[in-house]
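Notes to accompany the following structure.
Atoms considered below: every heavy atom in the structure, side chains included; atoms not considered: hydrogens, waters and symmetry mates. Here the structure is a predicted model, which means the values were calculated and not measured.
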Amino acid sequence: MKTIRLQAITFLMAIFFLSSCSCQPEDILKIAFKGMEKMVGDGFVPSDEIRALGDFQGTSVNLKRTNDESIIILKLENGDPKLLGDYPEVLARKCAEIYLRDFENSENYEKIVVQFIQTDPLNPDNFAMQEHEFQTKDFL
């Protein structure tokens with residue numbers, strides 16, 4: 001626990017010091033994501049391959065552990081409706097497969113939930129979401 005806390009503090013200090021430099025914001029984000037991957041495991045940040053499958057405008061991951069289960073929640077935002085198609089569960093399965101292949105600590109999780117989120121460009125509070133849940137053991 002102390003190691004994780006120390007890594008988190010180091011990570012936050014690095015971001016603080018980098019924010020005062022004249023770097024491009026994209027460079028700072030890349031460094032921040034690399035630091036996060038060092039703490040959580042390589043492949044934590046969804047790959048460009050996943051983003052391209054649905055032309056997703058945003059991606060994020062949440063790792064959730066309770067006493068009963070451990071879950072990866074992969075959020076894919078504002079994809080192209082034509083690429084989502086009539087069978088979004090097929091695309092969700094492909095995204096789950098790629099993510100689990102790339103994330104080095106995926107075997108530590110029992111489930112992966114893929115969420116497709118579409119937001120209304122005129123009202124971001126208005127959104128639609130589809131969830132697709134898979135057992136990670138089916139992919140490993």
Side-chain angles (χ1 to χ4, degrees):
M1 188 65 165
K2 287 183 180 181
T3 304
I4 293 173
R5 190 174 298 150
L6 181 61
Q7 288 175 339
I9 290 170
T10 304
F11 175 70
L12 291 174
M13 287 175 52
I15 290 175
F16 174 75
F17 289 119
L18 287 172
S19 66
S20 64
C21 77
S22 61
C23 302
Q24 295 293 328
E26 296 85 19
D27 294 338
I28 294 172
L29 282 175
K30 286 180 187 177
I31 292 169
F33 284 132
K34 285 185 189 278
M36 182 65 108
E37 281 193 327
K38 293 277 186 205
M39 289 185 341
V40 180
D42 284 338
F44 171 73
V45 176
S47 67
D48 289 336
E49 183 179 1
I50 292 174
R51 185 182 298 269
L53 283 176
D55 194 22
F56 298 107
Q57 301 304 307
T59 62
S60 63
V61 177
N62 185 14
L63 303 176
K64 180 180 173 184
R65 288 187 184 271
T66 65
N67 291 338
D68 299 332
E69 61 187 355
S70 54
I71 303 171
I72 298 169
I73 302 171
L74 176 61
K75 293 182 182 182
L76 304 170
E77 300 175 28
N78 297 321
D80 183 341
K82 292 176 187 172
L83 295 174
L84 291 172
D86 294 331
Y87 303 100
E89 63 275 0
V90 174
L91 180 61
R93 185 170 191 78
K94 184 66 177 172
C95 291
E97 177 184 347
I98 292 169
Y99 186 80
L100 293 172
R101 176 197 71 197
D102 293 345
F103 181 38
E104 74 176 353
N105 293 327
S106 63
E107 70 276 354
N108 297 333
Y109 295 87
E110 298 166 3
K111 295 180 187 177
I112 182 167
V113 175
V114 178
Q115 296 178 338
F116 295 134
I117 301 170
Q118 294 293 120
T119 56
D120 181 348
L122 300 176
N123 181 4
D125 293 333
N126 189 16
F127 66 93
M129 180 174 69
Q130 295 180 21
E131 281 191 348
H132 305 276
E133 184 176 306
F134 306 99
Q135 299 296 316
T136 58
K137 66 182 177 184
D138 295 340
F139 298 93
L140 303 175

Once rounded to the nearest 0.5 Å, what's the spacing between atom CD1 of I71 and atom CG of N62? 9.5 Å

Heavy-atom side-chain proximity of V61 to I72 below 4.5 angstrom: yes

Check: L76 main-chain N/O paired with T59 side-chain donor or acceptor under 3.5 Å: no

With the side chain counted from C-beta on, respond yes when L84 and Q118 share a heavy-atom pair under 4.5 Å apart, and no when they do not. yes

Closest approach of S47 to I98 (non-hydrogen atoms, all atoms of both residues): OG-CG2, 4.0 Å

Looking only at heavy atoms, the pair that brings T119 and P124 closest together is CG2-O, 4.3 Å

Straight-line distance of L63 CG to I112 CD1, nearest 0.5 Å: 9.5 Å

How many angstroms lie between CG in N126 and CG in D120, if you round to the nearest 0.5 Å? 5.0 Å

On a heavy-atom basis, which atom in C95 and which in I50 lie closest, and how many Å separate them? O-CD1, 3.8 Å

Would you kindly say whether Q57 and E77 are connected by a side-chain donor-acceptor distance under 3.5 Å? no

E104 CD to D102 CG distance, which is reported to the nearest 0.5 Å: 11.0 Å

What is the ring orientation for H132 with F134, classed by angle as parallel under 30°, tilted 30 to 60°, or perpendicular over 60°? parallel

If you compare all heavy atoms of M129 against all heavy atoms of E131, which two are closest, and at what distance to 0.1 Å? CE-OE2, 3.8 Å

Could you state the interatomic distance from CD (E89) to CD (E133), rounded to the nearest 0.5 Å? 14.5 Å

Do the side chains of Q135 and K111 get nearer than 4.5 Å, heavy atoms only? yes

On a heavy-atom basis, the closest approach of S70 and N108 is OG-O, 3.2 Å

Would you please classify the geometry between the F116 ring and the F56 ring as parallel, tilted or perpendicular, with 30° and 60° separating the classes? parallel

With rounding to the nearest 0.5 Å, note down the distance linking CG in N78 to CZ in F127. 11.5 Å

Side chains of L91 and V114 in contact at under 4.5 Å (non-hydrogen atoms): no

I need the minimum non-hydrogen distance between A96 and F139, along with the two atoms involved. CB-CZ, 4.1 Å

